[in-house]
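These notes concern the structure reproduced below.
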Amino acid sequence: MGSPKKDENKGFFAAMTSGFSMFGSAMSRSVNGLLSYEGVEVINPEGGKEDAEEEAQRGRWKDEERDSYWKMMQKYIGSDITSMVTLPVVIFEPMTMLQKMAELMEYSHLLDQADECEDPYMRLVYASSWAISVYFAYQRTWKPFNPILGETYEMANHGGISFLSEQVSHHPPMSAGHAENEHFTYDITSKLKTKLLGNSVDVYPVGRTRVTLKKDGVVLDLVPPPTKIHNLIFGRTWVDSPGEMVMTNLTTGDKVVLYFQPCGWFGSGRYEVDGYVYSADEEPKIMMTGKWNEKLSYQPCDAEGEPLPGTELKEVWHLADVPKNDKFEYTHFAHKINSFDTAPAKLLASDSRLRPDRYALEQGDLSKAGAEKHSLEERQRAEKRTRETKGQKFTPRWFDLTDEITSTPWGDIEIYQFNGKYIEQRDAAASSSSASDEAADLKSIEFNPWQYGNVSTE
């Protein structure tokens with residue numbers, strides 16, 4: 001059985017049958033001749049196909065910046081631009097990709113509930129709701145900073161979780177992360193892949209995400225949908241993630257398939273997500289529905305996917321309160337991620353919080369942020385040249401490259417595994433830096449991602 005179909009009388013699910021074709025043909029419009037540019041596709045998620053030219057005049061870019069970057073970006077159309085293009089800090093948010101990885105931990109209590117749950121199908125309801133919950137944060141249109149090789153991010157003081165991520169490769173850009181509490185362990189290797197389409201970019205989540213629930217040793221595998229970022233330069237930037245999210249219980253074979261609706265005319269279908277929890281023999285057991293920016297609900301169903309008599313929809317997750325009129329559209333949790341309140345007592349000098357460009361942007365000093373960003377990138381290039389001259393190779397400190405290669409719908413990825421040295425050596429490594437005094441002001445630590453990386457002769 002595929003994704004659920006809409007029954008207009010019952011009203012549980014939105015129509016899925018014509019979503020992509022409607023999105024592709026009726027929703028978008030190529031603004032030929034606009035400001036002497038050809039083939040500029042502009043999409044207003046709140047409008048139809050007639051207001052594309054008006055929408056193209058909107059957005060955060062100044063006219064001269066917009067024109068300059070459009071001319072520059074044209075030569076990259078069709079390419080993976082993950083780390084090819086240097087962009088101005090005006091489109092950045094004061095957070096790195098390593099920190100953004102930690103945003104998935106906001107509603108980690110859902111994984112705690114999954115671990116405690118005896119029902120194997122409800123276990124997937126909780127776990128998949130956890131996976132969906134981060135998409136409200138992912139819709140932000142500001143670009144996070146690319147991490148420096150060897151950069152880390154560590155979070156403590158949230159739900160009993162210890163979280164650590166590290167930039168394990170620069171070309172191609174790859175990050176690895178590990179989180180753990182008494183109920184679960186979370187491991188991810190991520191290598192985002194992009195394709196520039198002009199005024200939009202497709203983002204493919206090449207990676208592997210695994211969650212292990214400690215009570216029964218259940219292992220869950222997550223494959224998220226791709227993401228499309230619209231109106232990069234012309235118009236107001238917005239994000240959509242049409243497609244399927246699949247979470248599989250590798251221990252039992254049960255799985256949940258959730259379908260993210262594409263945005264249609266005048267916002268039709270936007271944010272909606274629907275699907276089923278299936279048994280190992282592909283029989284639907286529980287239906288799920290909601291909006292990834294508001295809430296999710298579930299209801300037991302029969303073999304045909306229809307709600308069981310005598311049951312009703314029950315909410316499993318809803319969005320927490322968010323700050324109003326926040327400059328970067330941050331949640332309260334995103335602010336905590338940037339805060340030193342969630343930092344350990346001894347903080348590694350490689351931590352993202354300490355980046356001078358990130359901090360300058362957070363303080364609203366775009367000029368300093370741009371200069372600091374350029375300085376860090378130049379330092380990274382210099383460090384690479386030094387390694388190459390000495391015949392040395394960088395290896396991460398907290399994650400080890402394994403022999404395992406995982407296939408995804410968008411390409412293969414080499415898997416990095418948390419090596420446990422973080423627990424054993426973090427305090428010693430931090431003590432060798434200016435963080436040796438636990439009472440010291442963490443903000444005073446100088447950012448140095450090169451301090452902890454290992455080098456070996458090739």
Side-chain angles (χ1 to χ4, degrees), residues 80-87 89 92-102 143-155 163-178 187-194 206-208 347-361 369-402 411 413-419 421-422 425-426 429-430 432-433 435 445-458:
D80 184 346
I81 58 168
T82 306
S83 61
M84 290 176 58
V85 181
T86 300
L87 296 170
V89 294
F92 280 67
E93 63 178 353
M95 181 181 286
T96 71
M97 281 298 300
L98 296 177
Q99 293 174 284
K100 203 169 184 72
M101 290 169 66
K143 183 188 181 304
F145 286 94
N146 288 336
I148 300 296
L149 183 63
E151 183 176 333
T152 60
Y153 174 74
E154 184 179 359
M155 181 177 68
F163 176 93
L164 177 72
S165 54
E166 180 177 13
Q167 191 70 0
V168 296
S169 172
H170 182 55
H171 287 297
M174 292 181 65
S175 307
H178 174 84
D187 293 280
I188 182 172
T189 302
S190 175
K191 183 176 68 175
L192 292 180
K193 181 179 179 181
T194 62
V206 180
R208 192 188 76 174
L347 186 65
L348 296 172
S350 51
D351 196 271
S352 295
R353 296 178 185 85
L354 303 172
R355 283 183 63 139
D357 52 355
R358 187 212 65 77
Y359 182 71
L361 181 60
E372 294 286 6
K373 176 176 177 288
H374 176 74
S375 177
L376 285 176
E377 291 168 347
E378 287 299 307
R379 173 74 184 276
Q380 179 166 233
R381 295 185 185 102
E383 293 285 339
K384 180 182 179 181
R385 289 193 295 268
T386 298
R387 289 195 303 271
E388 291 175 344
T389 299
K390 295 181 179 180
Q392 295 177 331
K393 180 181 179 180
F394 175 91
T395 55
R397 187 176 185 88
W398 313 115
F399 295 84
D400 295 334
L401 179 63
T402 69
I413 185 171
E414 307 84 0
I415 302 303
Y416 283 80
Q417 180 177 330
F418 180 64
N419 57 29
K421 294 178 182 178
Y422 160 69
Q425 300 180 17
R426 183 200 67 194
S432 67
S433 73
I445 303 173
E446 182 179 355
F447 180 64
N448 185 359
W450 302 279
Q451 178 174 342
Y452 303 118
N454 301 313
V455 292
S456 58
T457 303
E458 295 181 302

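Because only heavy atoms are used, hydrogens play no part in the values below, and waters and symmetry mates are left out as well, while side chains stay in. Starting from 1, each residue takes its place in the sequence as its number.
Across all non-hydrogen atoms, the minimal contact from Pro449 to Ser350 is CA-CB, 3.6 Å. When all heavy atoms are compared, the tightest approach of Ser175 to Met101 is CB-SD, 3.6 Å.
When each of Met97, Glu166, Gln99 is paired with Pro147, the side-chain contact (heavy atoms from CB on, under 4.5 Å) condition holds for Met97 and for no other. With Glu383 as the partner, the side chain to side chain donor-acceptor pair (under 3.5 Å) test is satisfied by one option alone out of Arg379, Arg385, Arg381: Arg379.
If you check the side chains of Glu414 and Thr189, you find no donor sitting under 3.5 Å from an acceptor. Under the 3.5 Å distance criterion, with hydrogens and angles disregarded, no donor-acceptor pair is assigned to the side chains of Tyr359 and Arg353.
Asp400 pairs by the side-chain hydrogen bond (donor to acceptor under 3.5 Å, both in side chains) definition with Asn419, not counting sequence neighbours. Contacts of Phe399 classified as ring-ring contact (aromatic ring centres under 6.0 Å, His included), with partners at least two apart in sequence or in another chain: Phe418. Partners of Ser169 under the side-chain hydrogen bond (donor to acceptor under 3.5 Å, both in side chains) rule, at least two apart in sequence or in another chain, do not exist in this structure. Residues forming a side-chain hydrogen bond (donor to acceptor under 3.5 Å, both in side chains) with Lys143 (at least two apart in sequence, or on another chain): Asn146. Under the rule for a side-chain hydrogen bond (donor to acceptor under 3.5 Å, both in side chains), the partners of Lys373 that lie at least two apart in sequence or sit in another chain are Glu377. When the ring-ring contact (aromatic ring centres under 6.0 Å, His included) test is applied to Phe92, the partners found at least two apart in sequence or on another chain are Phe145.
Between atom CG of residue Leu401 and atom CE of residue Met174 there is a gap of 7.5 Å, rounded to the nearest 0.5 Å. The distance from atom OG1 of Thr386 to atom CD of Gln392, rounded to the nearest 0.5 Å, is 9.0 Å. The CZ atom of Phe394 sits 9.0 Å away from the CD atom of Gln167 when rounded to the nearest 0.5 Å. Rounding to the nearest 0.5 angstrom, the gap separating the CG atom in Asp187 from the OH atom in Tyr416 is 15.0 Å. Residue Lys191 holds its NZ atom at 5.5 Å from CD1 of Ile413, rounded to the nearest 0.5 Å. The OG atom of Ser375 sits 9.0 Å away from the CG atom of Asp357 when rounded to the nearest 0.5 Å.
Put simply, the side chain of Arg387 never gets that close to the backbone of Lys393: no donor and acceptor are under 3.5 Å apart.
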Requested in this report: Mind running side-chain contact (heavy atoms from CB on, under 4.5 Å) on Glu372 and Leu361 for me, showing each step along the way?
Outcome: CA-CA 10 Å; Glu372 294 286 6; Leu361 181 60; over 6 Å; no
Requested in this report: List the steps, then state whether side chain to side chain donor-acceptor pair (under 3.5 Å) holds for Asp80 with Thr194.
Outcome: CA-CA 5 Å; Asp80 184 346; Thr194 62; 2.7 Å; yes
Query raised in the report: Given Arg358 and Phe447, is the side-chain contact (heavy atoms from CB on, under 4.5 Å) satisfied, shown in steps?
Result: CA-CA 11 Å; Arg358 187 212 65 77; Phe447 180 64; over 6 Å; no
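Atom CD of Glu388 has more than 12 neighbouring heavy atoms from other residues, nucleotides or ligands inside a 6.0 Å radius. Crowding of Lys193 atom NZ: a count of heavy atoms from other residues, nucleotides or ligands under 6.0 Å not exceeding 12.
You'll find the side chain of His170 reaches within 4.5 Å of the side chain of Gln380, heavy atoms only. Annotation: side chain of Leu348 is in contact with side chain of Trp398 (closest heavy-atom distance under 4.5 Å). By the 4.5 Å heavy-atom criterion applied to side chains, Ser165 and Ile188 are not counted as neighbours. Inter-residue side-chain proximity for Leu347 and Leu354 is flagged as met; some heavy-atom pair is nearer than 4.5 Å.
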